K.L.:
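One structure, pasted below without further comment.
Protein chains get the first letters and strands the later ones, always in sequence-line order, with residue 1 at the start of each. All figures in this text were calculated on a predicted structure; none of them were measured in a lab.
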Protein chains: 2
Amino acid sequence: MAEDVVRAFGFLSLGTRMKRIGERLQADTQKIIDEMGVEIAASQYPLLAAVERLGPLAVGDLADALGVSQPGVTRSIAQLVDLGVLRAEPAPDDQRRKFVSLTAQGQRLVDEAKEAIWPRIEAAVADLCGKLDGPLLDQLAAIEDGLTALPLNRREPKP
Amino acid sequence: MAEDVVRAFGFLSLGTRMKRIGERLQADTQKIIDEMGVEIAASQYPLLAAVERLGPLAVGDLADALGVSQPGVTRSIAQLVDLGVLRAEPAPDDQRRKFVSLTAQGQRLVDEAKEAIWPRIEAAVADLCGKLDGPLLDQLAAIEDGLTALPLNRREPKP
DNA sequence: CGACGTTATATAACGCGTTATATAAATCGG
DNA sequence: CCGATTTATATAACGCGTTATATAACGTCG
């Protein structure tokens with residue numbers, strides 16, 4: 001088995017490594033969602049959660065709240081509007097702005113997620129790294145090893 | 001200023017957040033490399049470093065060493081071969097396998113990087129998160145705040 | 001030895017992020 | 001009040017990761 005170069009390089013490849021871990025966590029999270037029979041991509045939940053938490057919001061404000069670029073959220077919104085979970089309507093006073101809100105179906109989806117999915121994900125991630133402490137690189141190694149030993153979707157199944 | 005939803009959700013959106021931080025680190029790293037007038041993308045360095053560290057290696061072994069998929073490294077290799085820094089030649093005994101090695105130009109590039117670029121990056125990242133300790137989410141918050149306060153390319157300029 | 005399964009790499013299609021730029025609406029200044 | 005600038009969103013093109021599948025070479029077995 002070849003050496004894990006990205007890990008071996010420590011701080012030098014920290015960006016690559018964090019991105020890699022993030023993708024792995026997202027992939028495992030997607031598995032949990034799939035197992036629960038929901039049709040929404042894991043990556044869309046932050047957007048739905050932001051709309052629910054902050055109320056109807058313009059595209060640019062959503063981009064700020066999510067920390068991603070405006071074209072990125074514009075595209076995600078378009079997909080979720082197509083799926084019928086989001087609605088986008090121009091602001092009455094300023095036709096440039098578009099306010100995004102949950103449809104009834106979207107609200108149901110979020111309610112379900114809050115009830116059944118998010119607690120499960122949060123518990124699994126907390127199980128993986130809630131107890132961690134110490135230097136960053138050690139924690140990252142523990143996360144990678146922990147995921148290899150037992151992926152997120154095998155952790156803390158709903159009691 | 002809108003609330004940072006991904007941060008607020010804690011473990012629930014940890015994957016999204018780590019990916020986001022990784023991308024930000026990579027982007028800052030790219031700035032450092034650009035400032036030093038080198039024409040290689042930051043994302044290619046792990047591949048070059050792996051080839052240098054582990055010697056001539058087959059495509060699949062490189063994928064293992066880097067923790068990415070085989071098609072991913074196949075594509076990166078193709079680009080670096082086009083740039084003239086890598087060479088790929090079929091193994092004499094097994095024509096399916098392709099061994100990847102540094103060209104003279106590639107070796108020069110790596111030597112330069114080891115001399116001037118990697119130490120600078122490592123110092124900047126160490127400055128950002130070498131002292132961190134404690135729970136993971138606190139460290140991530142410190143990293144994000146630290147990058148906002150002073151991006152990597154402003155840290156520890158070469159003495 | 002030839003067919004068949006296996007293994008290594010290549011290609012295709014897609015996801016989701018980015019930057020750069022286009023378009024349309026609002027605002028500002030003469 | 002109209003032209004110029006600014007602001008908000010949309011679109012296009014690309015980067016770099018993925019999975020699924022095609023192709024070619026190897027090994028094995030009847």
K.L.:
For B:A141, which residues count as a side-chain contact (heavy atoms from CB on, under 4.5 Å) partner, sequence neighbours excluded?
P.N.:
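B:A141 satisfies side-chain contact (heavy atoms from CB on, under 4.5 Å) with B:R7, B:R17 once adjacent residues are dropped.
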
K.L.:
Under 4.0 Å between any heavy atoms, over every strand shown, what does B:R75 touch: base, sugar-phosphate, or nothing? Just pick one.
P.N.:
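Counting heavy atoms under 4.0 Å across all strands, the contact made by B:R75 includes a base.
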
K.L.:
Rounded to whole Å, how long is the line connecting atom CG of A:D94 with atom P of D:dT6?
P.N.:
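One finds 17 Å between P of D:dT6 and CG of A:D94, rounded.
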
K.L.:
Got a sec, which residues hit side-chain contact (heavy atoms from CB on, under 4.5 Å) with B:A41, two or more places apart in sequence or on another chain?
P.N.:
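B:Q30, B:S43, B:Q44.
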
K.L.:
Assign A:S69 to base, sugar-phosphate, or nothing according to its heavy-atom contacts below 4.0 angstrom with the strands shown.
P.N.:
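Base contact - A:S69 has a heavy atom under 4.0 Å of at least one base atom.
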
K.L.:
Regarding B:A27, tell me which of base, sugar-phosphate or nothing describes its non-hydrogen contacts under 4.0 Å with the strands shown.
P.N.:
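It contacts nothing in the nucleic acid.
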
K.L.:
Between A:G60 and B:G67, which residue's closest nucleotide on DNA chain D lies nearer the 5′ terminus?
P.N.:
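The answer here is A:G60.
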
K.L.:
Excluding sequence neighbours, so at least two apart, what forms side-chain contact (heavy atoms from CB on, under 4.5 Å) with A:P56?
P.N.:
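Residues passing side-chain contact (heavy atoms from CB on, under 4.5 Å) with A:P56: A:F99, A:S101.
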
K.L.:
Let me know the distance between CZ of A:R96 and C1' of D:dT6, rounded to the nearest Å.
P.N.:
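It is 8 Å, rounded to the nearest whole Å.
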
K.L.:
Nearest-nucleotide wise, let me know which of A:D93 and A:A42 is further upstream toward the 5' end of DNA chain C.
P.N.:
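The answer here is A:A42.
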
K.L.:
What pairs of residues pass the salt bridge (charged side-chain N to carboxylate O under 4.0 Å, His left out) test when at least one of them lies in residues 32-51 of chain A, not counting sequence neighbours?
P.N.:
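Output for this query lists A:E35-A:R120.
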
K.L.:
Extract, from 5' to 3' on DNA chain C, the first and final nucleotides lying under 4.0 angstrom from some heavy atom of chain A.
P.N.:
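So the outermost contacting nucleotides come out as C:dC16 to C:dA26.
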
K.L.:
Name the nucleic acid region contacted by A:A58, choosing base, sugar-phosphate or nothing; use a 4.0 angstrom heavy-atom cut-off, strictly under.
P.N.:
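Sugar-phosphate contact only - A:A58 comes under 4.0 Å of backbone atoms but never of a base.
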
K.L.:
Starting at the 5' end of DNA chain D and moving along, which residue's nearest nucleotide shows up first, B:A91 or A:K98?
P.N.:
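The answer here is A:K98.
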
K.L.:
Looking at B:K31 and B:D28, is any side-chain nitrogen of the basic one under 4.0 Å from a carboxylate oxygen of the acidic one?
P.N.:
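Salt bridge: yes.
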
K.L.:
Categorize A:Q70 for me: base, sugar-phosphate, or nothing, with a 4.0 angstrom heavy-atom threshold over every strand shown.
P.N.:
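Counting heavy atoms under 4.0 Å across all strands, the contact made by A:Q70 includes a base.
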
K.L.:
Among residues at least two apart in sequence or on other chains, which ones pass side-chain contact (heavy atoms from CB on, under 4.5 Å) with A:V59?
P.N.:
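Testing A:V59 for side-chain contact (heavy atoms from CB on, under 4.5 Å), a comparison that skips the adjacent residues, returns A:Q70, A:V73, A:T74, A:I77, A:K98, A:V100.
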
